[in-house]
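Predicted, not measured: the structure shown is a model, and the values here were computed from it.
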Amino acid sequence: MPAFSVPLQQRNKTAFSQKDKVHAQLMEQLRNAELQGWTPEQVKAALSMEVGSPGIFEQQASVMNQVNELLLDVDEIYYNSPAGVLYEQALKHEAGSAIMSSGALAVKSGKKTGRSPLDKRIVFEEASADDVWWGKVNVKLDYKSFLTNRERAVDYLNLQPRLYVVDGFGGWEKDYRVPVRVITSRAYHALFMQNMLVPPTEEELLEFTRRGHKPFVIYNAGVFPCNRQTDGMTSSTSVSVSFKRKEMVILGTQYAGEMKKGVFTIMNYLMPLMPKRELPPADRALPLHASANIGPANDVSIFFGLSGTGKTTLSADPKRALIGDDEHVWHPGGVFNIEGGCYAKTIGMTREKEPEIYDAIRFGSVLENVVFNEATGEVDFEDTSITENTRVAYPLQFIPNARIPAKVEHQPKQIILLTCDAFGVLPPISKLTKEQVMYHFISGYTAKVAGTEEGVKEPEATFSACFGAPFLVWHPSVYAEMLSAKLEKHGASAFLVNTGWVGGPYGIGQRCSLKYTRQLIDAIHDGSLAALPESEWEEMPIFGLSMPKNGIKDVPKEILRPADAWAKAGQAPEQFTKTAKNLADLFKKNFKDFAAKCSPSVQAAGPK
């Protein structure tokens, strides 16, 4: 008989089968009928003769029944299994898997080593049709095509000798969290999602098996392609979501990040409806593509930023407790993390640069697509021959100063917008007005640099509304209005921090050192910047941003003032002005799509 796995205090087995289901049903009949005349002590004694505690067999039967109701009928299911069991399964059945010298599990995600945003689809359904921001981000999929993909995924999963089921929550706050069930054919995916979802307690597991309480189900059949002839498909990859059915179907990609961001997409739709749709914007839940931490004085900082801007790195601060590194919800009672773990880039990783994250790479962590020495198990974090998007997924508790549970009953005090400006135009730090916060939040600017993607020869500006356009469901103005209302109600200082280039664009200037950036973040947290009088700030030409007149901590004045940095590097003033104007034009062009839904004061807060 296969074994059974549950995340309970007493783990007696590691998987369960149809035989276990029958056994559990017989045990239930025994308890309900034959034992009715027994004393409680007799019942307890009889049950103690079985391996496992009362309730484990019923849990097996319930999960098996629910999986069968989803039209999946396999003999062996691994359910919320311990990391060691999933390691064993990956090593046995998934090529390319290996245990590293650190104890982490290295895996391969196949051809896809990143998300496939062009293949994301949202099912067009009457209940949500008027809420969704339809267009390039949320492409419509008809219901029939979704069912076709779902059937294809189920057919593939049914052919597997074993499946892995993970139950967990999206969100740490009980009143807002969403129960999520992942069904996948890969042990790697199961361990990844057990790290990334909020782990349920023994009592909370019952929520997943109670009738009438269907979790949001992710069918991950990513090993198998979709049918390109299905209406709405443009490749062999499909990631589709039905809010009405509470289901997500993945075909044609084994990249685990699709599941993580699928949960975020769900939260991006549901949170603005909570606690009630009719409440004013300031009193509803705002999902954020941002990291968050909290200081000794209970001052919460929110770090918005796209990939590569330092969102994960800067929020892992030994002087502050980490709430989370990527996805949060700002609600009337405070802030909570959506996730139970972190998903960090590992390119160029060293203990010296990122000690907290480096030390989190240990047993239980999942390393994606890294290159390693097969003889020693040592990872070469500089080797990007498979992909530059090498990653590690680890539970939040692997960070020594992480806040568990990952929620706080305090409103944010600092809002930090992160960008990586490869043109070298934006100051390393600037103070924002409320209108500038809204403008730059809606713009969501960063830049790609040469070498990160094939064909990129010069820096390329990238704009992603609300610093997370691929995951938005509502129009960006909905999220922006909520952020504005919360800033108005609670008050918070706001800064734009450029972690990108100084002294010239990529190829000429240098990236601002992490040491300097950390000192600027420290200056925000310790009040140094807030204490500066207005006379110590100066408006930057063209962009209208307030930048410091003098050095901050050990960060030299010329680093903080872009034109001065260019001059010190031998660049002509007119060259800086030309580059700044070109970037300003890109901002203006991008903002045209959003200007109609913004106030005149917000429109005027952008570059001139």
- Query: Cation over ring, Arg177 on Phe169, under 6.0 Å and within 45°?
  - Reply: yes

- Task: Determine, stepwise, if the pair Asn195 / Val366 fulfils side-chain contact (heavy atoms from CB on, under 4.5 Å).
- Result: CA-CA 9 Å; Asn195 285 347; Val366 180; 4.1 Å; yes

- Item | Arg115 and Glu258: CA distance, side-chain angles, deciding distance, salt bridge (charged side-chain N to carboxylate O under 4.0 Å, His left out) verdict | CA-CA 6 Å; Arg115 289 183 300 100; Glu258 295 288 8; 5.7 Å; no

- Task: Look up atom CD1 in Ile250 and atom SG in Cys226, then write down how far apart they are to the nearest 0.5 Å.
- Result: 12.5 Å

- Message: Under a 3.5 Å threshold, yes or no: a donor from one side chain and an acceptor from the other, between Lys120 and Asn138?
- Response: yes

- Message: Looking at every heavy atom in both Val502 and Cys512, which two are closest together, and how far apart are they?
- Response: CG1-CB, 4.2 Å

- Item | Working for side-chain contact (heavy atoms from CB on, under 4.5 Å), residues Arg511 and Cys420 | CA-CA 9 Å; Arg511 187 158 189 180; Cys420 177; 3.4 Å; yes

- Task: Answer with yes or no after comparing the ring centroid distance for Phe336 and His328 against a 6.0 Å cut-off, counting only values under it.
- Result: no

- Query: Within the distance-only criterion (no hydrogens, no angle test), does the side chain of Ser513 pair as donor or acceptor with the backbone N or O of Tyr516 below 3.5 angstrom?
  - Reply: yes

- Item | Nearest non-hydrogen partners of Arg181 and Pro215, listed with the distance | CB-CG, 3.9 Å

- Taking NZ, NE, NH1 and NH2 as the nitrogens, is one of them in Arg518 or Asp317 under 4.0 Å from a carboxylate oxygen of the other? no

- Query: Does the ring center of Phe264 lie less than 6.0 Å from the ring center of His289?
  - Reply: yes

- Aromatic ring proximity, centroids under 6.0 angstrom, Phe467 and Tyr445: no

- Query: Any sub-3.5 Å donor-acceptor pair from Thr253's side-chain atoms to Ser116's backbone N or O?
  - Reply: no

- Message: Taking the ring of Phe423 and the ring of Trp501, is the distance between their centroids below 6.0 Å?
- Response: no

- Item | Passing option when Val166 is tested against Val180, Leu86, Asn80 for side chain to side chain contact (heavy atoms under 4.5 Å, CB included) | Asn80

- Task: Taking all non-hydrogen atoms of both residues into account, name the closest pair between Ser315 and Asn293 and its distance.
- Result: O-ND2, 3.2 Å

- d(Leu105 CG, Gln89 CD) to nearest 0.5 Å is 12.0 Å

- Item | Gap between atom CD1 of Ile415 and atom CZ of Phe303 - 0.5 Å precision | 10.0 Å

- Let me see the working for Arg150 and Asp155 under salt bridge (charged side-chain N to carboxylate O under 4.0 Å, His left out), right down to the final yes or no. CA-CA 9 Å; Arg150 182 187 187 279; Asp155 287 346; over 6 Å; no

- Message: Can a donor-acceptor pair be found, under 3.5 Å and without considering hydrogens, that links the side chain of Ser365 to the backbone of Ala360?
- Response: yes

- Hey, is the main chain of Thr201 close enough, under 3.5 Å, to the side chain of Glu204 for a donor-acceptor pair? yes

- Does a donor on one side chain sit under 3.5 Å from an acceptor on the other, for Thr113 and Asn369? no

- For this output row, return yes or no: ring centroids of Tyr164 and His189 closer than 6.0 angstrom. no

- Query: When rounded to the nearest 0.5 angstrom, what is the spacing between CG in Leu418 and OG1 in Thr313?
  - Reply: 10.0 Å

- Task: Please confirm whether the backbone N or O of Val198 pairs with a side-chain atom of Trp172, one donor and one acceptor, at under 3.5 Å?
- Result: no

- Decide side chain to side chain donor-acceptor pair (under 3.5 Å) for Glu378 and Ser101; before the verdict, give the C-alpha distance in whole Å, the side-chain angles of both, and the deciding distance to 0.1 Å. CA-CA 6 Å; Glu378 293 290 334; Ser101 59; 3.1 Å; yes

- Message: Could you go through Val239 and Met248, starting from their C-alpha distance and side-chain angles, then the distance that decides it, and tell me whether this counts as side-chain contact (heavy atoms from CB on, under 4.5 Å)?
- Response: CA-CA 7 Å; Val239 180; Met248 176 181 182; 3.2 Å; yes

- Take Phe363 and Tyr87, measure what ring pair (Phe, Tyr, Trp, His ring centres under 6.0 Å) needs, and give me the verdict at the end. CA-CA 9 Å; Phe363 180 79; Tyr87 267 54; 4.6 Å; yes

- Task: Report yes or no: is the cationic atom of Lys246 (NZ for Lys, CZ for Arg) under 6.0 Å from the centre of the six-membered ring of Phe216, at an angle within 45° of the ring normal?
- Result: no

- Message: Main chain of Gly84, side chain of Glu88: is a donor-acceptor contact present, judged purely on distance under 3.5 Å?
- Response: no

- Message: Side chains of Asp119 and Ser238 only: does a donor on one sit below 3.5 Å from an acceptor on the other?
- Response: no

- Going from CD1 on Ile302 to CD1 on Ile416, what distance comes out if it is rounded to the nearest 0.5 angstrom? 9.5 Å

- Query: Between Gly170 and Met267, which heavy-atom pair has the shortest distance, and what is it?
  - Reply: O-CE, 3.4 Å

- Message: Walk me through whether Ser185 and Asn220 qualify under side-chain contact (heavy atoms from CB on, under 4.5 Å).
- Response: CA-CA 7 Å; Ser185 63; Asn220 190 336; over 6 Å; no

- Query: Is a side-chain donor-acceptor pair under 3.5 Å present for Asp383 with Ser385?
  - Reply: yes

- Query: Would you say Gln510 has more than 12 foreign heavy atoms packed within less than 6.0 Å of its CD?
  - Reply: no

- Pro287 and Met271: which non-hydrogen atoms are nearest, and at how many Å? CD-CB, 3.9 Å

- Query: For the side chain of Thr230 and the backbone of Ser145, is there at least one donor-acceptor N/O pair under 3.5 Å apart?
  - Reply: no

- Query: Between atom CD1 of Ile323 and atom CD1 of Ile404, what is the distance when rounded to the nearest 0.5 Å?
  - Reply: 11.0 Å

- Which heavy atom in Phe208 sits nearest to a heavy atom in Pro179, and how many Å separate them? CE2-CB, 3.6 Å

- Does the ring of Phe146 carry Arg121 above it, NZ/CZ under 6.0 angstrom from centre and within 45° of its axis? no

- Task: Determine, step by step, whether Thr390 and Thr346 satisfy the side chain to side chain donor-acceptor pair (under 3.5 Å) criterion, reporting the C-alpha distance in whole Å, the side-chain angles of both residues, the deciding distance to 0.1 Å, and the verdict.
- Result: CA-CA 6 Å; Thr390 53; Thr346 61; 2.8 Å; yes

- Query: Is Lys311 salt-bridged to Asp325, going by a charged N under 4.0 Å from an acidic O?
  - Reply: no

- Aromatic contact, Phe192 with Tyr343 (centres under 6.0 Å): yes

- Would you tell me whether Ser109 and Gln254 have side-chain atoms, one donor and one acceptor, within less than 3.5 Å of each other? no

- Salt bridge check: are Lys108 and Glu368 linked by an N-O gap of less than 4.0 Å? no

- Message: Checking Ser307 against Lys345 for the side chain to side chain donor-acceptor pair (under 3.5 Å) test, could you report, in this order, the C-alpha distance in whole Å, the side-chain angles of both residues, the deciding distance, and whether it holds?
- Response: CA-CA 9 Å; Ser307 179; Lys345 284 193 169 186; 3.2 Å; yes

- Over 12 foreign heavy atoms within 6.0 Å of CD, Glu207: yes

- Give the C-alpha distance, both sets of side-chain angles, the deciding distance and a yes or no for salt bridge (charged side-chain N to carboxylate O under 4.0 Å, His left out) between Arg351 and Asp359. CA-CA 7 Å; Arg351 178 178 275 114; Asp359 289 339; 2.8 Å; yes

- Counting N and O atoms only, with roles assigned by atom type, does the side chain of Asn401 sit under 3.5 Å from a partner on the main chain of Arg320, one being a donor and the other an acceptor? yes

- Lys/Arg N to Asp/Glu carboxylate O, Glu327 vs Lys261, below 4.0 Å: yes

